[in-house]
Every structure is written in C-alpha cells, then in structure tokens.
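So the structure is just underneath, and the comments pick up after that.
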Amino acid sequence: MGWQGKDPSTDFRGGGFISLENLLFFARNYPKSFQELLRKQNGDRAIWEYPFAVAGVNITFMLIQMLDLQAVKPRSLLGAVFLKLLSENDRAFDILYCITFKLMDQQWLDMHATYMDFNTVMKSTRRQLERELLIEDIQRVEDMPSYKLLAR
C-alpha cells in the first residue's frame, strides 16, 4: 500500500488516526476509485510513483490545515465554507478527502510527475480545491466539479 517502513503506524504522525479513517472510508464507499489509485491503473505512470498510503496521510494533513480545522471557529473563508458543507452532510470531510485523492492523482498524471514532484503536485491540488470550494453555487461537497472524478 505504500507505507514507508515495516510499522505502518509510524506513517500516521502527520494525519493522525483520522487519516486511517479516511483511507477506510474511501475503500468502503468508493471502492472502484480506491482500487484504481491503489493499483495505479490509469494513465501513463512514472517509474517512481507516489506511495499510496503515505499520500493519503498527507492529504488528510493538508485538508486539516487548508480548512483550519484545528480552530474552534473558522478563521478563514475556506473554513467557513467547509463548515456550511459539513452542516449539509456530516461525511463532507470524508468525501472531500476522496475527491482530493482523485484530484491529486489526476494532477500527478497531468504534470507527468515523479516521486520528487510530490510536494508540487500537492500544492497544485490544494489550489484547485480552494478554487472549487469558493465557487458560489457549491451547496454540498457533491456539487464540486471534481466530485465527478469519483466512481463507486
């Protein structure tokens, strides 16, 4: 799955237990997309790919930071927008995680990235998510343009 060592628990430092929950949610609710990413089935792939599981942990960490989820109340516009989405669906964070993973993989392929490009791809993915979250018509996480990337 792309763990960095023999003990996968050491890879959860950045994203915590929620990153494991995100991976499980993705596998259970969007198994087709999950398997495509796990097995790197789509696109012209680099020899040195991103490690799947560690990428998932990094995505959780990036979302927590981007949405300012450590704060008691949102201190950013993105945080406030996400709070609205969460009020519509209590699984909004999990679904956004799945969207982000698929979007990151699409960016990876579009950029013809290799392992050394991981941070650049993550920054590009974050910018795309920020743009989509700020679209006026977005009332639910499922309204985001990148939601269509997910397959059950």
Side-chain angles (χ1 to χ4, degrees), residues 2 12-16 18-46 48-152:
F12 289 103
R13 287 182 298 266
I18 192 170
S19 49
L20 176 58
E21 290 178 332
N22 290 149
L23 281 168
L24 292 171
F25 179 88
F26 195 8
R28 290 177 180 143
N29 292 275
Y30 299 96
K32 185 175 187 307
S33 288
F34 182 86
Q35 288 297 320
E36 287 172 356
L37 294 180
L38 176 63
R39 301 187 192 296
K40 310 275 196 296
Q41 292 176 323
N42 296 329
D44 185 20
R45 297 286 175 177
W48 291 97
E49 281 286 323
Y50 61 87
F52 176 79
V54 175
V57 172
N58 277 279
I59 288 168
T60 298
F61 183 71
M62 183 263 294
L63 288 173
I64 289 169
Q65 285 186 319
M66 182 182 86
L67 301 172
D68 198 23
L69 296 182
Q70 304 93 334
V72 176
K73 293 192 321 190
R75 297 178 295 197
S76 67
L77 179 57
L78 282 173
V81 166
F82 177 72
L83 195 58
K84 186 180 77 154
L85 298 175
L86 192 58
S87 72
E88 293 297 320
N89 183 344
D90 63 350
R91 302 307 293 194
F93 185 82
D94 297 301
I95 298 168
L96 185 59
Y97 170 88
C98 299
I99 291 169
T100 305
F101 215 137
K102 282 294 285 187
L103 182 59
M104 187 275 299
D105 188 71
Q106 180 185 20
Q107 299 268 348
W108 185 273
L109 293 171
D110 291 348
M111 295 169 76
H112 304 285
T114 66
Y115 184 79
M116 297 306 290
D117 299 314
F118 184 76
N119 287 334
T120 303
V121 173
M122 286 295 288
K123 287 176 185 172
S124 175
T125 301
R126 179 177 174 150
R127 285 191 301 272
Q128 179 62 31
L129 276 176
E130 289 170 345
R131 282 191 295 270
E132 289 190 26
L133 284 167
L134 295 175
I135 296 172
E136 269 188 52
D137 296 343
I138 303 297
Q139 300 297 314
R140 304 171 312 130
V141 72
E142 295 90 340
D143 296 335
M144 294 175 64
S146 292
Y147 180 76
K148 68 183 181 311
L149 297 172
L150 290 173
R152 293 189 186 263

In terms of side-chain heavy atoms, does D117 have a donor or acceptor partner in Y50 at a distance below 3.5 Å?
-> no
Residue pair T60 / N22, side-chain donor-acceptor N/O under 3.5 Å = yes
Hey, mind stepping through Y97 and F25 against ring-ring contact (aromatic ring centres under 6.0 Å, His included) and telling me if it holds?
-> CA-CA 9 Å; Y97 170 88; F25 179 88; 8.5 Å; no
Would you say the side chain of F34 lies within less than 4.5 Å of the side chain of F101, judging by non-hydrogen atoms?
-> no
State, with a plain yes or no, whether a side-chain heavy atom of D68 is found less than 4.5 Å away from one of L78.
-> no
Interatomic distance, S19 atom OG to L24 atom CG [nearest 0.5 angstrom] = 10.0 Å
Closest non-hydrogen atom pair, Y147 against R152 = OH-NH2, 4.1 Å
Any Lys/Arg nitrogen of R126 or E130 sitting under 4.0 Å from an Asp/Glu carboxylate oxygen of the other?
-> yes
Presence of salt bridge, R140 and D143, under 4.0 angstrom | yes
How far apart are the C-alpha atoms of N58 and M104, what are their side-chain angles, what is the distance that settles it, and do they pass the side-chain contact (heavy atoms from CB on, under 4.5 Å) test?
-> CA-CA 11 Å; N58 277 279; M104 187 275 299; over 6 Å; no
Give a yes or no answer on whether the side chain of Q128 reaches the backbone of L103 with a donor-acceptor pair at less than 3.5 Å.
-> no
How about K148: does its NZ atom have over 12 heavy atoms from other parts shown lying under 6.0 Å from it?
-> yes
